[in-house]
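Notes to accompany the following structure.
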Number of protein chains: 2
Amino acid sequence: MDKALGLTKTQKKIIDAAIKVFSVKGFEGSTTSEIAQEAGVAEGTIFRHFSTKKGILQSILLQVVDNYQLLDISDPLVEVIERGDSQSQSKVSSIITQSQEVMQQVPLLKLLFYEAQFHPEMQQMLVERITKPILEQIKEPIVKQQSTGYYRNYNACLMTISLFAPLLGYLVLKQFIPEQENMDEEEAFKQLLDIWLYGVINQ
Amino acid sequence: MDKALGLTKTQKKIIDAAIKVFSVKGFEGSTTSEIAQEAGVAEGTIFRHFSTKKGILQSILLQVVDNYQLLDISDPLVEVIERGDSQSQSKVSSIITQSQEVMQQVPLLKLLFYEAQFHPEMQQMLVERITKPILEQIKEPIVKQQSTGYYRNYNACLMTISLFAPLLGYLVLKQFIPEQENMDEEEAFKQLLDIWLYGVINQ
DNA sequence: TAATAATGAGAGTGATTGCTCACTCTCATT
DNA sequence: AATGAGAGTGAGCAATCACTCTCATTATTA
């Protein structure tokens with residue numbers, strides 16, 4: 001039956017095509033016929049697998065939510081928090097490696113987070129399954145470091161934002177200002193983590 | 001002729017209505033008849049003032065770009081950078097005051113930055129007239145502080161991102177996770193600036 | 001007051017949209 | 001060979017869209 005991750009080959013073709021088209025033209029700006037063309041199937045085939053156009057978007061969201069690759073970015077960050085040392089290059093590098101995968105998904109994430117605001121169930125799912133888990137996962141080791149007195153007692157949620165937002169901001173900014181800046185990604189991440197750490201470490 | 005800032009009363013009514021409708025439904029998700037209804041004008045009237053629906057969006061962008069209120073947020077940040085002390089409450093407070101105005105504009109900014117990716121001229125205008133000026137305005141005093149040795153020698157652009165992204169991230173996050181968190185906005189901004197500062201100040 | 005411009009109301013247009021449905025194709029089972 | 005189930009097709013439908021046109025009414029200006 002050609003299934004993988006609960007999706008048939010045709011369904012996967014359609015979803016991949018939809019991601020491509022939605023990313024370039026936005027959800028409302030895309031047409032089902034474009035998606036069909038990109039997927040190499042008839043328009044009618046789309047509606048045999050997805051009840052509505054919005055159903056395609058929801059399936060994309062489900063695919064992203066069920067894909068833990070995304071959450072993986074928080075693991076190396078947790079390492080950095082626990083070691084309290086950005087110099088541990090190996091871990092930093094793994095962040096970069098992960099984030100290159102994530103970076104290619106930045107347009108998709110932008111799409112989902114933006115379009116979700118028009119569809120409350122989707123918004124809730126994004127918040128509950130992606131935003132909050134990441135925040136919690138990162139907050140926990142921060143609180144632990146605070147309890148030992150190694151980190152300052154700022155609000156843990158704000159500390160998490162301070163850590164995460166610049167990394168994400170850097171990736172987003174890079175997408176529409178390809179500031180050539182003779183600096184590689186690894187060095188950039190290292191500096192961003194450094195700035196955060198030395199603002200967090202007590203003394 | 002009823003002009004103010006180059007816009008007649010009718011044009012202003014239409015633009016205000018369009019901002020409201022676009023913010024709620026997105027650009028492609030909105031219809032000109034909705035905008036007309038919200039503005040209390042006939043649909044045909046819209047097209048007497050704007051050649052196309054996209055023309056309305058472009059006028060909104062022009063209005064935002066010509067409105068320096070937005071850039072004002074960088075002034076108090078520059079103050080913080082120059083003083084190197086977030087405790088200077090008066091200045092922090094003025095950031096908050098400004099940012100409350102800005103915060104109400106967050107949905108509009110999200111709209112413009114998102115929709116602009118589908119319209120290259122608009123994207124370029126946003127980058128050249130908003131993003132880059134803000135970055136430059138904030139980078140300059142950072143570089144000055146670096147030259148005196150008071151700030152560490154990280155890449156100035158990254159330092160700017162580290163400063164700006166958490167503030168923006170906090171505002172955006174607050175919009176779809178109304179984390180009641182018994183913390184007022186002023187305290188939040190103070191802590192975010194603190195975290196940044198003590199990661200930037202040498203020693 | 002007369003002339004001119006702006007607007008409201010709303011029907012109309014062609015193009016496009018999301019979606020349907022009658023039909024075909026494939027292929028395993030009978 | 002006959003059957004049935006399910007995937008795929010694409011012409012076409014009803015609705016909607018951005019946009020136009022007309023014309024009576026109101027507001028502005030000379």
Side-chain angles (χ1 to χ4, degrees), chain A residues 1-61 111-112 114-116 118-119 121-122, chain B residues 1-62 111-112 115-116 118-119 121-122:
Chain A
M1 273 300 174
D2 262 344
K3 291 205 177 183
L5 288 165
L7 293 179
T8 67
K9 262 185 189 164
T10 308
Q11 285 169 337
K12 186 149 175 45
K13 271 201 300 181
I14 293 171
I15 283 194
D16 286 345
I19 288 176
K20 213 177 272 184
V21 177
F22 286 162
S23 293
V24 173
K25 304 198 157 195
F27 176 69
E28 296 287 355
S30 305
T31 70
T32 48
S33 79
E34 280 176 306
I35 296 169
Q37 198 173 345
E38 176 73 34
V41 302
E43 197 173 352
T45 305
I46 288 180
F47 293 95
R48 190 162 291 280
H49 294 278
F50 305 92
S51 53
T52 61
K53 180 182 163 190
K54 181 177 167 181
I56 307 175
L57 190 63
Q58 288 172 324
S59 289
I60 292 175
L61 174 59
L111 170 82
L112 288 177
Y114 185 79
E115 298 294 347
F118 309 129
H119 310 282
E121 356 68 75
M122 292 183 60
Chain B
M1 276 297 178
D2 264 341
K3 292 209 179 184
L5 290 164
L7 294 179
T8 66
K9 264 184 189 165
T10 308
Q11 285 170 336
K12 185 149 178 42
K13 271 201 298 182
I14 294 171
I15 282 194
D16 286 344
I19 289 176
K20 216 177 271 183
V21 176
F22 286 162
S23 294
V24 172
K25 304 199 156 196
F27 176 69
E28 297 286 355
S30 306
T31 68
T32 49
S33 75
E34 281 176 303
I35 297 169
Q37 199 172 348
E38 175 73 33
V41 303
E43 193 173 355
T45 305
I46 288 180
F47 294 95
R48 284 210 189 83
H49 294 278
F50 305 93
S51 53
T52 63
K53 182 183 164 189
K54 181 177 168 182
I56 307 175
L57 190 64
Q58 288 172 323
S59 289
I60 292 174
L61 173 60
L62 278 181
L111 169 82
L112 288 177
E115 298 294 347
F118 309 129
H119 310 281
E121 3 56 86
M122 291 182 61

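Just the heavy atoms: all of them, side chains too, but no hydrogens, waters or symmetry mates, feed the values below. So that the names make sense, note that chain A is the first sequence line, chain B the second, and so on, each numbered from 1.
Annotation: the span from A:Glu43 atom CD to A:Glu34 atom CD amounts to 10.0 Å, rounded to 0.5 Å. Interatomic distance, B:His49 NE2 to B:Ile56 CD1, rounded to the nearest 0.5 Å: 11.0 Å. Rounding to the nearest 0.5 Å places CD1 of B:Ile35 at 5.5 Å from CD1 of B:Ile46.
Nucleic acid contact for B:Gly55: none, since no nucleic acid atom lies under 4.0 Å from a heavy atom of the residue.
An OP1 or OP2 oxygen of C:dT7 is reached within less than 4.0 angstrom by a side-chain nitrogen or oxygen of B:His49. Between B:Thr10 and C:dT7, a side-chain N or O to OP1/OP2 separation shorter than 4.0 Å is present. Checking the phosphate oxygens (OP1, OP2) of D:dA7, no side-chain nitrogen or oxygen of A:Thr45 falls inside 4.0 Å.
Regarding A:Ile35, its CD1 atom lies at a distance of 10 Å from the P atom of C:dC19, rounded to whole Å. Straight-line distance from the CD1 atom of A:Ile14 to the C1' atom of D:dA7: 11 Å, rounded to whole Å. When the P atom of C:dA6 is taken as reference, atom CD of B:Gln11 falls 11 Å away, rounded to whole Å. Rounded to an integer number of Å, the gap from NZ of B:Lys13 to P of C:dA6 is 15 Å. Between the CD1 atom of B:Ile46 and the P atom of C:dA9 there is a distance of 13 Å, given to the nearest Å. Spacing between atom CD of B:Glu28 and atom P of D:dT16 amounts to 18 Å, rounded to whole angstrom units. Taking atom NZ on A:Lys54 and atom P on C:dG18, their separation rounds to 15 Å, with Å as the unit. Straight-line distance from the NZ atom of B:Lys53 to the P atom of D:dT16: 15 Å, rounded to whole Å.
No donor-acceptor pair closer than 3.5 Å links the side chain of B:Lys25 to the backbone N or O of B:Thr31.
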Could you walk me through whether A:Leu112 and A:Leu57 pass the side-chain contact (heavy atoms from CB on, under 4.5 Å) test, one step at a time? CA-CA 8 Å; A:Leu112 288 177; A:Leu57 190 63; 4.2 Å; yes
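Residues A:Arg48 and A:Glu34 both approach DNA chain C. Their nearest nucleotides, taken by heavy-atom distance, put A:Glu34 toward the 5′ side. Of the residues near DNA chain C, A:Ser51 and B:Ala42, the one whose nearest nucleotide (by heavy atom distance) lies more toward the 5' end is B:Ala42.
Between C:dT7, D:dA18, C:dC19, one nucleotide has an atom nearer to the side chain of B:Phe47 than all others, and that is D:dA18.
Between A:Phe50 and A:Ser59, the closest heavy-atom pair is CE2-OG, 3.4 Å. B:Phe22 and B:Ser30 make their closest contact through CD2-OG, 3.4 Å (heavy atoms, listed as atom of the first residue, atom of the second, distance).
A cation-pi arrangement is absent between B:Lys54 and B:Phe27 under the rule of less than 6.0 angstrom and at most 45 degrees off the ring axis.
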Residues 13-20 of chain B side chain polar contacts: donor-acceptor under 3.5 Å, at least two apart:
unit_1	atom_1	unit_2	atom_2	d
B:Asp16	OD2	B:Lys12	NZ	3.4
B:Lys20	NZ	B:Glu38	OE2	3.4

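Looking at DNA chain C, the stems built from 3 or more consecutive Watson-Crick or G-U wobble pairs, each pair with its key distances under 3.5 Å, are C:1-30 with D:1-30.
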Dump every N/O contact between nucleotides 12-16 of chain C and the protein below 3.5 Å, one line per pair.
none

